[in-house]
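Below: the structure, in structure tokens.
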Amino acid sequence: MVSTITILHVEFGEGSIGSYLFAKVLLNSIRPAVEQLGRLPRTDIFCEVDQYPMAVKTPGLFTLRINSSLLCFANANFLRERILKLLTQDENGTEETAKDRVQILILDMTNVMNIDTSGILALEELHTELVSLGMKLVMVNLRWQVIHKLKLSKLVEKIGADGIFLTVAEAVDACLASKLAINSL
């Protein structure tokens with residue numbers, strides 16, 4: 001009798017832990033984290049500014065990493081709204097000069113393995129909203145499935161080939177070079 005009760009308690013505990021972990025994975029998929037990135041001094045390494053306080057934000061650029069393997073119907077609108085909220089918080093949070101005003105949003109898509117039509121639509125809407133605010137969208141490290149679907153949807157054409165990069169460092173350097181060229185005119 002005692003061994004039967006012990007087995008039932010163990011099975012109930014394992015079931016509870018399994019359910020908890022499943023709920024946690026599901027919640028992380030629906031509401032994934034978005035991290036602001038900064039450059040570690042004297043390197044080409046970009047990391048989360050909250051985790052590494054020595055990471056330096058680049059004036060005029062807002063660099064974010066999406067921490068979700070899927071950009072899909074379950075999380076696309078949440079991510080778009082979260083990105084816009086972070087962008088407006090950053091702009092409203094400090095006294096900005098023309099030099100510091102965010103002009104380019106760089107999205108690090110390293111973790112995004114796949115995207116569906118809702119994810120593509122959310123990126124198109126984000127691009128449209130950024131253009132209306134006078135900003136440019138740049139995407140970095142797109143996986144082959146993601147870039148293929150973005151090309152089929154013509155989003156790559158809308159953003160422009162100059163808005164797709166392999167690494168965050170390349171994107172930041174190119175954006176800074178284009179800002180300098182525009183400012184020197």
In terms of hydrophobic clusters joined by side-chain contacts under 4.5 Å, are Phe46 and Leu176 together?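 Yes: a chain of side-chain contacts under 4.5 Å links Phe46 to Leu176.
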Can a donor-acceptor pair be found, under 3.5 Å and without considering hydrogens, that links the side chain of Asn114 to the backbone of Gln145?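 Answer holds: no.
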Cluster partners of Leu121, using ILVMFWY side-chain heavy atoms under 4.5 angstrom, listed by chain and number?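 Members besides Leu121: none; it forms no cluster.
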Which residues, ordered by chain and number, are linked to Met54 in its hydrophobic cluster, where ILVMFWY side chains connect at heavy-atom gaps below 4.5 Å, directly or through other members?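 Leu40, Ile45, Tyr52, which link up through side-chain heavy atoms under 4.5 Å apart, make up the rest of the cluster.
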My understanding is that only residues two or more places apart in sequence, or in another chain, count here; which of them pass side chain to side chain contact (heavy atoms under 4.5 Å, CB included) with Pro53?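 Scan of Pro53 (side chain to side chain contact (heavy atoms under 4.5 Å, CB included), adjacent residues dropped) gives none.
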Phe73: partners by side chain to side chain contact (heavy atoms under 4.5 Å, CB included), with sequence neighbours left out: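 Checked Phe73 against side chain to side chain contact (heavy atoms under 4.5 Å, CB included); matches are Asp116, Ser118.
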Distance, nearest 0.5 Å, that separates [atom1] of [X] from [atom2] of [Y]:
X: Ile115; Y: Leu142; atom1: CD1; atom2: CG; result: 8.5 Å
X: Gln36; Y: Cys47; atom1: CD; atom2: SG; result: 11.5 Å
X: Phe78; Y: Lys85; atom1: CZ; atom2: NZ; result: 8.5 Å
X: Leu84; Y: Arg82; atom1: CG; atom2: CZ; result: 11.5 Å

Before you tell me yes or no, could you show the steps for Leu37 and Val49 under side chain to side chain contact (heavy atoms under 4.5 Å, CB included), namely the whole-Å CA-CA distance, both residues' side-chain angles and the distance that decides it to 0.1 Å? CA-CA 5 Å; Leu37 304 179; Val49 294; 5.8 Å; no
Summary of salt bridge (Lys or Arg N to Asp or Glu O under 4.0 Å) pairs that have at least one residue in residues 137-149, sequence neighbours excluded: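 Listed once each, the pairs would be none.
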Pairs satisfying salt bridge (Lys or Arg N to Asp or Glu O under 4.0 Å), at least one member in residues 163-177, at least two apart: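 Counting only pairs at least two positions apart or across chains, the salt bridge (Lys or Arg N to Asp or Glu O under 4.0 Å) contacts touching residues 163-177 are Arg39-Asp173.
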Are [X] and [Y] side-chain neighbours, meaning at least one heavy-atom pair lies under 4.5 Å?
X: His127; Y: Leu105; value: no
X: Leu166; Y: Asn141; value: no
X: Thr110; Y: Ile66; value: no
X: Val34; Y: Asn67; value: no
X: Leu123; Y: Leu107; value: yes

Please test Asp44 against Thr167 for side chain to side chain contact (heavy atoms under 4.5 Å, CB included), starting from the C-alpha separation and ending with a verdict. CA-CA 9 Å; Asp44 282 341; Thr167 67; over 6 Å; no
Let me check something: any side-chain donor-acceptor pairs from residues 58-65 under 3.5 Å, sequence neighbours excluded? List them with distances.
{"from": "Arg65", "atom 1": "NE", "to": "Asp108", "atom 2": "OD2", "distance (Å)": "3.2"}
{"from": "Arg65", "atom 1": "NH1", "to": "Glu35", "atom 2": "OE1", "distance (Å)": "3.1"}

Check step by step if side-chain hydrogen bond (donor to acceptor under 3.5 Å, both in side chains) holds for Ser69 and Asn111. CA-CA 5 Å; Ser69 60; Asn111 298 327; over 6 Å; no
Under 3.5 Å, side-chain donor or acceptor atoms of residues 128-139 against the rest of the protein: list the pairs with distances, not counting sequence neighbours.
{"from": "Thr128", "atom 1": "OG1", "to": "Glu124", "atom 2": "O", "distance (Å)": "2.9"}
{"from": "Glu129", "atom 1": "OE2", "to": "Arg80", "atom 2": "NH1", "distance (Å)": "3.1"}
{"from": "Ser132", "atom 1": "OG", "to": "Glu129", "atom 2": "O", "distance (Å)": "2.7"}
{"from": "Lys136", "atom 1": "NZ", "to": "Asp162", "atom 2": "OD1", "distance (Å)": "3.4"}
{"from": "Lys136", "atom 1": "NZ", "to": "Asp162", "atom 2": "OD2", "distance (Å)": "3.4"}

